[in-house]
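Remember, it's 1-based here, ligands and their atoms both numbered in the order they're listed.
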Amino acid sequence: IRVQGKIYYDKAQKPVRILGTVLDITEFKRLQQQKDDFISVASHELKTPMTSIKASIQILDKLIRTGNNPEKISTFIDKASTSLNKMQHLVESLLNVSRISAGQLELTKSRFNVAEMINESCDYVRLAGDHEVKINGDKGLEVVADKQKIEQVLVNLINNAVKYAPCSKQIIIEFAQRKSTVKISVQDFGEGILSDKIPHLFERYYRVESSGVQYSGLGLGLYISAEIVERHGGKIGATSETGQGSTFWFTLPVVED
Ligand code: ADP
């Protein structure tokens, strides 16, 4: 509690009146703490790929000076480029959060084919070759939406399915139209999420605390995804069973262009 005020005295310097305010700052302190924690997590998340890029450049410098070793050179170029992509993704998330706060998340809608968009969004997982991605749905289905942003939502969900289910090799993506809504879901067979955590997943900065493996992340992907889906007039949610896996889904209204 913060107390601010002024004491009034009489001629004999005896206090006669206090005028002031008593402010409950518990919530303010919680938000301040959340911000401080976020800054420290974000700095750490940016520092890790930066350190890796720096190390790769130093090694590349040596390799190039000491003659040709093309295989090693391309390994370290790949490493640096993966770390750069990670940094780019993090910075884009931060920019998106400030756009959302400023009410500047603009949508540029067009008509596109859902199956094609899903295929494009999971190309990189297929290329990595660690996961099998199954896609089920009506190949002719089309929606009117901001394709780039919906792709961003899907990539966030697919990234999480890969990240939080490291031991399982399968991801199932399904999409279907029911009445005037298209529903897209991404299912993994990972560790799952406790049911009391599910309502918080889409909050800004929220991350499920884990006593086991520590995963990297800022707790922004699902928050940004929810904002994008809701701006389209859709809904987003998750169902999960611990030890069995999770299904994240979102809907988009079918609108005519
Ligand atoms: P980040 O992955 O950067 O922490 P997200 O907003 O994408 O942030 O996810 C918030 C939290 O939700 C994660 O920290 C994780 O605990 C949980 N989560 C998200 N997707 C999954 C998933 N597929 N399986 C298990 N937990 C998940």
Side-chain angles (χ1 to χ4, degrees), residues 34-35 37-49 82-83 85-101 105 118 121-122 124-125 128 130-135 149-175 183-231 234-250:
Q34 200 181 42
K35 236 181 196 168
D37 290 349
F38 173 73
I39 290 172
S40 109
V41 174
S43 322
H44 177 79
E45 290 288 308
L46 280 169
K47 203 175 160 197
T48 311
T82 307
S83 298
N85 284 341
K86 248 186 207 166
M87 282 180 71
Q88 191 182 3
H89 183 76
L90 283 170
V91 172
E92 266 162 22
S93 295
L94 296 175
L95 284 173
N96 271 323
V97 170
S98 53
R99 272 187 210 118
I100 291 168
S101 302
L105 193 80
I118 295 175
S121 304
C122 57
Y124 73 102
V125 179
D130 292 333
H131 286 75
E132 182 199 351
V133 188
K134 272 194 181 162
I135 303 173
K149 293 206 170 56
I150 296 302
E151 257 173 10
Q152 194 185 338
V153 173
L154 252 181
V155 168
N156 282 340
L157 301 187
I158 297 168
N159 273 345
N160 282 350
V162 171
K163 180 159 81 172
Y164 297 106
C167 300
S168 113
K169 300 288 164 218
Q170 201 180 44
I171 296 168
I172 300 176
I173 303 178
E174 288 183 318
F175 60 100
K183 185 174 183 176
I184 302 176
S185 62
V186 178
Q187 183 180 8
D188 68 61
F189 300 88
E191 59 200 44
I193 306 155
L194 290 169
S195 58
D196 62 325
K197 311 285 185 214
I198 292 181
H200 302 289
L201 293 175
F202 302 94
E203 289 169 9
R204 186 162 59 166
Y205 311 135
Y206 184 81
R207 311 198 68 216
V208 177
E209 272 173 37
S210 153
S211 51
V213 189
Q214 295 300 318
Y215 296 101
S216 64
L218 295 178
L220 293 178
L222 291 179
Y223 165 72
I224 294 169
S225 302
E227 288 287 330
I228 293 174
V229 169
E230 281 157 18
R231 278 292 310 275
K235 288 193 174 126
I236 190 163
T239 54
S240 185
E241 222 170 289
T242 40
Q244 306 288 315
S246 315
T247 302
F248 282 81
W249 58 265
F250 64 94

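With hydrogens left out, the protein atom closest to atom 4 (O) of ligand 1 is R207 NE, 2.6 Å, a heavy atom. In terms of protein heavy-atom proximity, atom 12 (O) of ligand 1 is nearest to L201 CD2, 3.3 Å. The single protein non-hydrogen atom nearest to atom 14 (O) of ligand 1 is Y164 OH, 3.2 Å, given as residue, atom name and distance. With hydrogens left out, the protein atom closest to atom 9 (O) of ligand 1 is L222 CD1, 3.5 Å, a heavy atom. Nearest to atom 7 (O) of ligand 1 among the protein's heavy atoms is N160 ND2, 2.9 Å. Summary of contacts: the protein heavy atom closest to atom 8 (O) of ligand 1 is G219 CA, 3.2 Å. Summary of contacts: the protein heavy atom closest to atom 23 (N) of ligand 1 is D188 OD2, 2.8 Å. Y206 O, 3.8 Å is the protein heavy atom nearest to atom 11 (C) of ligand 1.
Counting heavy atoms from C-beta on, the side chains of Y223 and L218 never come closer than 4.5 Å. At least one side-chain heavy atom of L105 sits less than 4.5 Å from a side-chain heavy atom of K149. Proximity of L222 to Y206: side-chain heavy atoms (C-beta onward) are nowhere separated by under 4.5 Å. Looking at heavy atoms from C-beta onward, Y164 lies out of side-chain contact with D188 at the 4.5 angstrom threshold. Using a 4.5 Å heavy-atom cutoff, the side chains of D37 and Y205 are not in contact. R204 has its side chain within reach of S101: a pair of non-hydrogen atoms, C-beta onward, lies under 4.5 Å apart. Two residues are said to be in side-chain contact when any heavy atoms from C-beta on lie closer than 4.5 Å; V91 and L46 meet this criterion.
In summary, the atoms of ligand 1 found under 4.0 Å from a heavy atom of G217, numbered by their order in the structure, are 3 (O). Atoms of ligand 1 lying under 4.0 Å from any heavy atom of S246, numbered from 1 in the order shown and given with element: 24 (N). Close contacts between ligand 1 and V208 involve ligand atoms 14 (O), 16 (O) [criterion: under 4.0 Å to a heavy atom].
Put simply, no part of N156 is less than 4.0 Å from ligand 1, judged by heavy atoms. Put simply, no part of K197 is less than 4.0 Å from ligand 1, judged by heavy atoms.
Taking CG from L194 and CD from E209, the interatomic distance works out to 12.0 Å, rounded to the nearest 0.5 Å.
Under 4.0 Å from ligand 1, the heavy atoms of L220 that appear belong solely to its backbone. Looking at F248 against ligand 1, only its side chain comes within 4.0 Å, counting heavy atoms.
Checking each of I236, N160, L201 against F248 for a side-chain contact (heavy atoms from CB on, under 4.5 Å) leaves exactly one that passes, namely L201.
Y215 and K163 get closest at one heavy-atom pair: CE2-O, 3.2 Å. Nearest heavy atoms, G192 versus S240: CA-OG, 3.3 Å.
Taking any N or O of K163, backbone or side chain, at least one lies under 3.5 Å from an N or O belonging to ligand 1. The shortest N or O to N or O distance between I193 and ligand 1 is not under 3.5 Å.
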